[in-house]
Amino acid sequence: MCGIWALAGGATTSSEVHKEHTDAFMKIVGRGPDLTVLEKVAPNVHLGFHRLAIVMPGDQPSQQPIVGEDLAVVCNGEIYNHRQIKDEFPLSNVRNGGSDCAAIVHSFVGNKGDLRATCASLDGVFAFVMADQEKVYIGRDPMGVRPLFYGFAHDGALVIGSEVKCISSLVERIEYFPPGSCATFTPSAKMRSLQILKYWSIPTIADKFVSMDAAQMLIRDTLIRSVEKRLMGNRHFGFMLSGGLDSSLIASIATRFLKHTPHAFSVGFEDSPDLEHARQVAEYLSIPHHVLVITPKQCIDIIPEVVNALETFDPLIIRCGIAHYLLCKHIAETSEVKVLLSGEGADELFGSYAYMQRAPNAFHLHKEILRRLTHLHQYDVLRCDRSTSCHGLEIRVPFLDKKMIDLVGRLPPTYKLIKRKLEKYLLRSAFEGWLPSEVLWRSKEGFAEALGKTDLGEIIHEHASKIIEEEEYKTRHERFPDRTPETKEEFWYRSIFEQCYPLDKIAHVVHTKVYKTAAWHLNEEKENLAKLLVNSDDESKSEEEMRELRRKAATTLNSGVVA
């Protein structure tokens, strides 16, 4: 995990950045505490880099910018096929060419300046900004695992950064750079626009017709390779172990390849049943297991930090991000682990959320899987990145390997919605014998069950109800006309968010309530609410009670703290 930043063009051709630029750049220093560089690489282009040393720590070849063939690049990412690319397109005299990210320069030169071909050739996760003497080139990995935002300053300068907080004070409007895309920008031109092109898309057609046995074999082999290549680096590795299927599978695979003993980390309330399941997995894999037991008060107290770190006011991301943030903070403070492997993305890829498994048919499930994957960089991927990066940690997510996406996304949707079979049956059966059967075949737990018997949502809702006065809450439509909060919990999050970020610049970037838009979910929710109203002893329910029912439904339908 690193932080990148760039300033290009503008009305002036000043050779120096100003204090407002360096102050903004330093807001993401947590992403790379080992080295900070801000360098002028072209007549009107400055590239910034905060380095978290993972590969060859402290070694000059891994520093950035990487310079060669009149190109300079900064990249937040890991290029897993960097050796193959360098062998195919050899170059001499590349400064810091030992970095895996130097493969971007090799590929760009080897592909004769074709940026789309360059990005398509990279197997890994990345967000990069590259410049020559005339143009700036930008690329982001297929699923948006590595973040990237941009905007234009009032003088026309293009400002690019890994997080919203490092560009928000400098630009007029913030945009996220789309996953699977690349773009060029000419600093000398007076046009404030990027030529954005797609080089990769999530497969939309399920055209891989193979038998169930063949699908299981392909899934097993592809996921194993996906995990194996993500073990690049010589820092300490760890697992975010929830006790659920996805994180446990990743830990099981990685443990077989790592030379040094990895460590497992889990978080929950004292009464969390998942902590016991996580302990079982760690014991089965013979790896050290560290448990962070948290309290409701800790969760409440940390929320302002979490909102600022996650750069969103979506209630689900924040609620799920609280324990994630606390655990990452604990890992950074108490261990030597720098790289974490996690199971994010599996639920979206296999359509295993509870509401998705209640889809009316496999076709609708396939459509919902595509929708969830498309927005994943604004949800779980965002939470993973921000919760780890601000603590100087790096997270790697093997389920979101583009080969894994291409495989599972093209399998028959009926393989993901099998009557009388547990969700993710295809994945579970592919790894029979890799985990204790009680973990491999245990159904996905809800959010409250993952943290403990105490419902975190209830705790937060009760706290918000105490600190948000009813008179203040009644003004929510005037104060927040866009996506008006439906509960006092949401009101609280939104209030904190707008203290940190300019909503007028960022509102369109913040995606909210992804779980609200599946057609069958909306109908089901209305039906459930109607039944509750009919069965109630009261003649009617208050608006607040209706909002509370919706809040509980949202919590139930989207479960899990760490996948």
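Heavy atoms only: backbone and side chains are in, while hydrogens, waters and symmetry mates are out.
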Undergrad: Taking atom types as modelled and ignoring hydrogens, do the side chains of E348 and Y379 form a donor-acceptor contact shorter than 3.5 angstrom?
TA: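 No pair is found: no donor N or O on one side chain lies under 3.5 Å from an acceptor on the other.
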Undergrad: Using a strict threshold of under 4.0 Å (side-chain N to carboxylate O), is an ion pair present between D380 and R383?
TA: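 Result for this pair is yes, salt bridge flagged.
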Undergrad: How about E344 and S342: does a side-chain donor come under 3.5 Å of a side-chain acceptor?
TA: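 Checked: E344/S342 side chains pair up, N/O donor to acceptor below 3.5 Å.
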Undergrad: Of all the heavy-atom pairs spanning S107 and S121, show the shortest one and how long it is.
TA: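 Scanning both residues, the minimum pair turns out to be OG-OG, 2.7 Å.
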Undergrad: Would you say the side-chain atoms of R31 pair up with the backbone N or O of F49, donor to acceptor, closer than 3.5 Å?
TA: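 Here the side-chain-to-backbone pair does not exist.
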Undergrad: Taking R192 first and then E172, would you say they form a salt bridge - that is, a charged N and a carboxylate O separated by under 4.0 Å?
TA: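 Result for this pair is yes, salt bridge flagged.
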Undergrad: Can you confirm whether or not the ring centre of H330 sits under 6.0 Å from the ring centre of F265?
TA: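 Distance test on ring centres: not under 6.0 Å, no.
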Undergrad: Determine, for F480 and R476, whether the Lys NZ or Arg CZ falls below 6.0 Å from the six-membered ring centre while staying within 45 degrees of the axis.
TA: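 Not flagged: R476 not positioned over aromatic ring of F480.
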Undergrad: Does Y176 form a side-chain contact (heavy atoms from CB on, under 4.5 Å) with Q378? I'd like the steps, not just the answer.
TA: CA-CA 10 Å; Y176 70 77; Q378 294 171 290; 3.5 Å; yes
Undergrad: Output yes when a side-chain donor or acceptor of N111 lies under 3.5 Å from a complementary backbone atom of D114, and no otherwise.
TA: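 Checking the backbone N and O of D114 against the side chain of N111, no donor-acceptor pair under 3.5 Å is found.
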Undergrad: Measure up the F177 and Y150 rings against each other and bin them: parallel (under 30°), tilted (30 to 60°), perpendicular (over 60°).
TA: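 If you compare the ring of F177 with that of Y150, the planes turn out perpendicular.
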Undergrad: I'd like to know if R479 and E472 make a salt bridge, using a cut-off of under 4.0 Å between side-chain N and carboxylate O.
TA: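 Yes, this pair counts.
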Undergrad: For the side chain of S99 and the backbone of N96, is there at least one donor-acceptor N/O pair under 3.5 Å apart?
TA: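 It does not hold such a pair.
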Undergrad: Are any side-chain N or O atoms of N44 and backbone N or O atoms of G9, one a donor and one an acceptor, separated by less than 3.5 Å?
TA: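 Yes; judged by distance alone, with no hydrogens or angles, the pair exists.
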Undergrad: Determine yes or no for a side-chain-to-main-chain donor-acceptor pair under 3.5 angstrom, with D100 supplying the side chain and I79 the backbone.
TA: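 Checked: pair present.
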Undergrad: Establish, from distance only, whether the side-chain atoms of D132 and Y137 form a donor-acceptor pair under 3.5 Å.
TA: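 A pair is found: one side chain offers a donor N or O, the other an acceptor, under 3.5 Å apart.
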Undergrad: Quick one: pull up CG in L148 and NE2 in H377 and give me the separation to the nearest 0.5 Å.
TA: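 Between L148 CG and H377 NE2, I get 11.5 Å after rounding to 0.5 Å.
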Undergrad: T475 versus E471: any side-chain heavy-atom pair under 4.5 Å?
TA: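 Of all side-chain heavy-atom pairs linking E471 with T475, none is under 4.5 Å.
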Undergrad: Take atom NZ of K329 as the centre, draw a 6.0 Å sphere, and report whether it contains more than 12 heavy atoms from other residues, nucleotides or ligands.
TA: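 Count not over threshold, so no.
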Undergrad: With a sphere of 6.0 Å drawn around NZ of K403, does it hold more than 12 non-hydrogen atoms of other residues, nucleotides or ligands?
TA: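 Check fails, neighbour count at 12 or below.
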Undergrad: How many angstroms lie between atom CD of E305 and atom CG of L326, to the nearest 0.5 angstrom?
TA: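 That separation rounds to 8.5 Å.
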Undergrad: With no hydrogens and no angle check, do the side chains of Y493 and D314 hold a donor and an acceptor under 3.5 Å apart?
TA: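 On atom types as modelled, these side chains do not qualify, holding no pair under 3.5 Å.
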Undergrad: Can you list, pair by pair, the side-chain donor-acceptor contacts under 3.5 Å of residues 181-188, counting residues two or more places apart and other chains?
TA:
{"from": "S181", "atom 1": "OG", "to": "P178", "atom 2": "O", "distance (Å)": "3.4"}
{"from": "S181", "atom 1": "OG", "to": "P179", "atom 2": "O", "distance (Å)": "3.2"}
{"from": "T184", "atom 1": "OG1", "to": "Q195", "atom 2": "OE1", "distance (Å)": "3.4"}

Undergrad: Once rounded to the nearest 0.5 Å, what's the spacing between atom OG1 of T312 and atom CD1 of I506?
TA: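 Rounded to the nearest 0.5 Å, the OG1-CD1 separation comes out at 8.0 Å.
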Undergrad: Under 4.0 Å between a Lys/Arg side-chain N and an Asp/Glu carboxylate O for E163 and K27?
TA: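 Salt bridge between E163 and K27, a charged N being under 4.0 Å from a carboxylate O: no.
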Undergrad: Given R95 and E39, is the salt bridge (charged side-chain N to carboxylate O under 4.0 Å, His left out) satisfied, shown in steps?
TA: CA-CA 14 Å; R95 190 184 84 189; E39 184 177 319; 3.2 Å; yes
Undergrad: Please report the interatomic distance CD1(I395) to CZ(R386), rounded to the nearest 0.5 Å.
TA: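 One finds 12.5 Å between CD1 of I395 and CZ of R386.
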Undergrad: Got a second to check how far L340's CG is from S247's OG, nearest 0.5 Å?
TA: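 Between L340 CG and S247 OG, I get 11.5 Å after rounding to 0.5 Å.
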Undergrad: Evaluate the criterion salt bridge (charged side-chain N to carboxylate O under 4.0 Å, His left out) for residue pair R230 and D401; output intermediate values, then yes/no.
TA: CA-CA 10 Å; R230 280 167 173 77; D401 186 275; 2.9 Å; yes
Undergrad: If you count every heavy atom of other residues, nucleotides or ligands that lies below 6.0 Å from Q298 atom CD, does the total exceed 12?
TA: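 Enclosed.
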Undergrad: Between D455 and R319, does any NZ, NE, NH1 or NH2 come within less than 4.0 Å of an OD or OE carboxylate oxygen?
TA: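 A salt bridge is absent here (no side-chain N lies under 4.0 Å from a carboxylate O).
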Undergrad: Could you walk me through whether L400 and L376 pass side-chain contact (heavy atoms from CB on, under 4.5 Å), step by step?
TA: CA-CA 10 Å; L400 295 182; L376 195 55; 3.7 Å; yes
Undergrad: Decide if atom NZ of K135 counts as having more than 12 heavy atoms of other residues, nucleotides or ligands within a radius under 6.0 Å.
TA: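 Check fails, neighbour count at 12 or below.
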Undergrad: Evaluate the side-chain proximity of I138 to F128: yes if any heavy-atom separation is below 4.5 Å, no if none is.
TA: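 No, too far: nothing below the 4.5 Å cut-off.
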Undergrad: Working to the nearest 0.5 Å, report the span between OG1 of T295 and CD1 of I459.
TA: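 The CD1 atom of I459 is 9.0 Å from OG1 of T295, to the nearest 0.5 Å.
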Undergrad: Does this structure show an ion pair linking K474 with E470, if we count only N-O contacts that are shorter than 4.0 Å?
TA: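 No salt bridge links K474 with E470.
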Undergrad: Could you give me the CA-CA distance, side-chain angles and deciding distance for T512 and F313, then say whether side-chain contact (heavy atoms from CB on, under 4.5 Å) is met?
TA: CA-CA 8 Å; T512 57; F313 51 85; 3.6 Å; yes
Undergrad: Using a 4.5 Å cut-off on heavy atoms from C-beta on, say whether the side chain of P296 contacts that of I300.
TA: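 The answer is no, as the side chains (C-beta and beyond) never meet within the 4.5 Å cut-off.
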Undergrad: So which pairs with a foot in residues 497-509 pass salt bridge (charged side-chain N to carboxylate O under 4.0 Å, His left out), sequence neighbours left out?
TA: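 Non-adjacent pairs meeting salt bridge (charged side-chain N to carboxylate O under 4.0 Å, His left out): R494-E498.
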Undergrad: Over 60° means perpendicular and under 30° means parallel, so classify the ring planes of W5 and H21, tilted if in between.
TA: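 Taking W5 first and then H21, their aromatic rings sit tilted (interplane angle of 30° to 60°).
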